[in-house]
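Since we're looking at a predicted model, the values are computed, not measured.
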Amino acid sequence: MTTATRAAPAAPVARTGETDNRATYLSFGLAYVVGHGAAAVSKGDDPLVRLPGWLPMTLLGAGLAAGTVYATLTAGRAQRGASKPDLLSGRLLGLSWIGGFAALFLAITGLTSTVDAPGLATMLWPAGSGLVVGLLYLGEGAVRRNVLHYGLGIWLALVSTVSLGFGTPGLFWVLAVAGGGGYAIATVLEHRRLTNR
């Protein structure tokens, strides 16, 4: 009698450029909900809660910093074993973040120095940042062939620009609920996407 030996199923091999964005999405989503949410409840003519002016920005910044660390680590893992053209694409995407936010800084600085509108920078920074992030996600999603990342980019770009029509504090409510909600949904869908691979 012979005994057949079955090989253990092979572990799924991640494609080069494959990413697990759950920690990044979760960090950015919490930053949106907590940071923009704190701004939403504490700004305007009749705020719901009185908070120190620095607190919402600090909460947002802490969440965004954590998300940036996770995004950087994820991008580094995605480039392991990548070909030279894929490495170049990854580096160019990384430089796009620097260029995008430098351009945003110059645009907001120019507008606020030439237009007499108090509070304009307070509206342009959160909405403009969301727009830049959304557009960069579009590019990253296209390069990495990640439809979820691409779709989140579209959502963030649209939500961020639409939020400008709501003034203050409405802008922060839109970013907290729709932007943070978009990241929450993307976190769940990212888990499913990775499980299905």
List the steps and the verdict of side-chain contact (heavy atoms from CB on, under 4.5 Å) for Tyr183 and Tyr32.
CA-CA 9 Å; Tyr183 273 114; Tyr32 265 58; 3.9 Å; yes
Do Arg77 and Thr19 have side chains that approach each other closer than 4.5 Å (heavy atoms only, starting at C-beta)?
no
Within a strict 4.5 Å, meaning less than it, do heavy atoms of the Leu175 and Ser160 side chains meet?
yes
Min side-chain heavy-atom separation Val159-Val174 under 4.5 Å
yes
Should side-chain heavy atoms under 4.5 Å link Ile, Leu, Val, Met, Phe, Trp and Tyr, which residues sit in the same cluster as Leu92?
Leu88
Kindly compute the distance separating CG (Leu55) from CG (Leu60), expressed to the nearest 0.5 Å.
11.0 Å
Using only atom types and a distance under 3.5 Å, with no angle test, would you say the side chain of Ser163 pairs donor to acceptor with the backbone of Leu171?
no
Can you list the steps and then say if Leu51 with Lys43 is a side-chain contact (heavy atoms from CB on, under 4.5 Å)?
CA-CA 9 Å; Leu51 295 174; Lys43 294 203 181 289; over 6 Å; no
CG/Asn21 to CD/Glu140 distance, rounded to the nearest 0.5 angstrom?
8.0 Å
Distance (rounded to the nearest 0.5 Å) between Met57 CE and Leu64 CG:
9.0 Å
Taking side chain as C-beta onward, heavy atoms only, is Leu152 less than 4.5 Å from Leu189?
no
Would you call the rings of Trp97 and Phe101 parallel, tilted or perpendicular, where under 30° means parallel and over 60° means perpendicular?
parallel
Trace of the side-chain contact (heavy atoms from CB on, under 4.5 Å) decision for Arg22 with Leu194:
CA-CA 10 Å; Arg22 289 176 292 187; Leu194 295 169; 3.9 Å; yes
Hey, does Glu190 have a side-chain heavy atom less than 4.5 Å from the side chain of Thr187?
no
Mind jotting down which residue pairs meet the ring pair (Phe, Tyr, Trp, His ring centres under 6.0 Å) criterion with at least one end in residues 125-150? Sequence neighbours excluded, please.
Tyr25-His149, Tyr137-His149
Any Pro56 side-chain heavy atom under 4.5 Å of His36 side chain
no
When clusters are formed from ILVMFWY side-chain contacts under 4.5 Å, directly or step by step, what else is grouped with Val33?
none
Is the shortest heavy-atom distance from the side chain of Phe28 to the side chain of Thr68 under 4.5 Å?
yes
Would Leu138 and Ile154 satisfy side-chain contact (heavy atoms from CB on, under 4.5 Å), going step by step from the backbone distance to the final call?
CA-CA 7 Å; Leu138 284 168; Ile154 291 171; 3.3 Å; yes
Heavy-atom side-chain proximity of Pro47 to Val41 below 4.5 angstrom:
no
